[in-house]
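Okay, so here's the structure we're looking at.
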Amino acid sequence: MILTALAAYYDALVSQDKVPLPGWGLGKISFALSLSPEGEPLQIISTMVEVQNGKKSQLRPQEMQVPEPANRTVGVLPNLLFDNPAYILGFDTKAGTDKANPVRTRQCFDAAAALHISLLESVDSPAAKAIVSYFKTWNPEAIASNPLIVEHADALKGGGNLVFRIGGAYAHNDPAIRAAIHSSVESAQADAPSLCLVTGKRAPIARLHPKIKGVFGAQSSGASLVSFNAEAYNSWGKEQGANA
């Protein structure tokens, strides 16, 4: 009863646009990369907002509803439609220091390019076409001499996340792109339907869940309340969420 009531409450909050849809989450966004319809970078725009902190005001990243962030550890794993400068621009925030890692930075950009091209190339939307064109033509190797990057280099070294902006609108709000993401999420889970104990309906099983922050004694980056990390936990050949 309690779980069913919580599920109904979530649906009510979604209808009021107070919480993200399934497959979406809140991202802290510091910049918007404005692209032309041909995918040429035009501007890097600050999306920071002024927040009152006691008697002082501070600039902080703006929270936006974006596709669910990836569960990163140490590997290269891009987010969709938003990410840090390494993934979106191929910009090494540690450049000029002994922690610079141009090889990994290029790997991050290439991974982001592959993800966006694979999902958006068939989407009939000016925003999707601009992003695909951007990732196909942008050259991180020439980033040091690019006037736009040089102008914003100091700010980008802070590592804040960027989103895409085309024609004055954010790409993650584009209806055609959102539909493509929704379809991708459904197809990824469609091979494992099961009975939901909350709604009583047969539905795709959530293979992974986002980490929960604020759990006492856990890492500040978030924790999984339940996890499986060995073959012994794969009862009846089921893995991860299918075994929970």
Side-chain angles (χ1 to χ4, degrees), residues 7-49 61-71 77-85 87-89 109 111-138 160-193 196 199 201 203-210:
Y9 182 51
Y10 169 78
D11 290 337
L13 292 177
V14 167
S15 68
Q16 299 169 32
D17 201 28
K18 291 183 177 180
V19 296
L21 287 163
W24 293 73
L26 292 176
K28 295 182 178 180
I29 310 301
S30 300
F31 309 98
L33 178 62
S34 177
L35 301 178
S36 72
E38 295 73 34
E40 179 186 358
L42 301 176
Q43 289 179 289
I44 293 178
I45 305 165
S46 173
T47 58
M48 304 284 278
V49 292
Q62 182 178 166
E63 284 195 338
M64 298 184 185
Q65 284 195 25
V66 291
E68 190 69 56
N71 287 328
L77 191 60
N79 289 319
L80 183 62
L81 299 179
F82 83 103
D83 220 314
N84 63 49
Y87 285 93
I88 299 298
L89 295 165
F109 177 81
L115 173 65
H116 287 83
I117 292 171
S118 66
L119 180 69
L120 300 179
E121 193 162 30
S122 61
V123 177
D124 187 14
S125 159
K129 295 182 185 304
I131 293 172
V132 169
S133 179
Y134 164 75
F135 275 113
K136 286 184 175 181
T137 58
W138 179 251
N161 289 320
L162 301 96
V163 292
F164 293 100
R165 186 179 174 95
I166 298 95
Y170 293 121
H172 54 264
N173 292 333
D174 182 85
I177 291 178
R178 292 178 74 95
I181 294 171
H182 180 71
S183 176
S184 176
V185 171
E186 282 196 333
S187 64
Q189 297 179 340
D191 59 341
C196 176
T199 64
K201 300 177 181 178
I205 296 174
R207 190 174 67 88
L208 296 172
H209 294 275

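Being a predicted model, the structure only gives us computed values, none of them experimental.
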Residues forming a side-chain contact (heavy atoms from CB on, under 4.5 Å) with E68, sequence neighbours excluded:
P210

Between atom CG of L120 and atom NZ of K129, what is the distance when rounded to the nearest 0.5 Å?
10.5 Å

Any side-chain heavy-atom pair from L35 and P41 closer than 4.5 angstrom?
yes

Can you tell me how far CD1 of I131 sits from NE2 of H172, rounded to the nearest 0.5 angstrom?
10.5 Å

Check side-chain contact (heavy atoms from CB on, under 4.5 Å) between P78 and all other residues, then give those that pass, not counting sequence neighbours.
D83, Y87, A111, A112, L115

Taking all non-hydrogen atoms of both residues, which atom of A70 and which atom of N79 are closest, and how far apart?
N-OD1, 2.6 Å

From OG (S30) to CD1 (I44), nearest 0.5 Å
12.0 Å

Where do L26 and P20 come nearest, in terms of heavy atoms and distance?
CG-CG, 4.2 Å

Test item: P61 and N161 side chains (from C-beta on) under 4.5 Å apart, heavy atoms:
no

Given P67, which of L119, L80, I177, L21 fulfils the side chain to side chain contact (heavy atoms under 4.5 Å, CB included) condition?
L80

Could you list all the ring pair (Phe, Tyr, Trp, His ring centres under 6.0 Å) pairs where at least one residue sits in residues 112-134, not counting sequence neighbours?
H116-F135, H116-F164, Y134-W138, Y134-F164

With sequence neighbours left out, what residues match Q16 under side-chain contact (heavy atoms from CB on, under 4.5 Å)?
A12, K18

Which pairs, with at least one residue in residues 23-37 and sequence neighbours excluded, count as a salt bridge (charged side-chain N to carboxylate O under 4.0 Å, His left out)?
none

May I have the step-by-step check of side-chain contact (heavy atoms from CB on, under 4.5 Å) for V66 and L81, ending in yes or no?
CA-CA 7 Å; V66 291; L81 299 179; 6.0 Å; no

Looking at every non-hydrogen atom in both residues, tell me the closest pair between I45 and S34 and how far apart they are.
CD1-CB, 4.2 Å

side-chain contact (heavy atoms from CB on, under 4.5 Å) partners of V19, counting only residues at least two apart
Y10, L13, V14

Just so I know, are the side chains of Q65 and D17 near enough to count as touching, which here means a heavy-atom distance under 4.5 Å?
yes

S36 versus A130, closest heavy-atom pair with distance:
O-CB, 3.5 Å

According to side-chain hydrogen bond (donor to acceptor under 3.5 Å, both in side chains), does anything in residues 119-128 pair up with another residue at least two apart or in another chain? List the pairs.
E121-K136, S125-D174

Interatomic distance, CD@Q62 vs OG1@T47, rounded to 0.5 Å, equals 5.5 Å

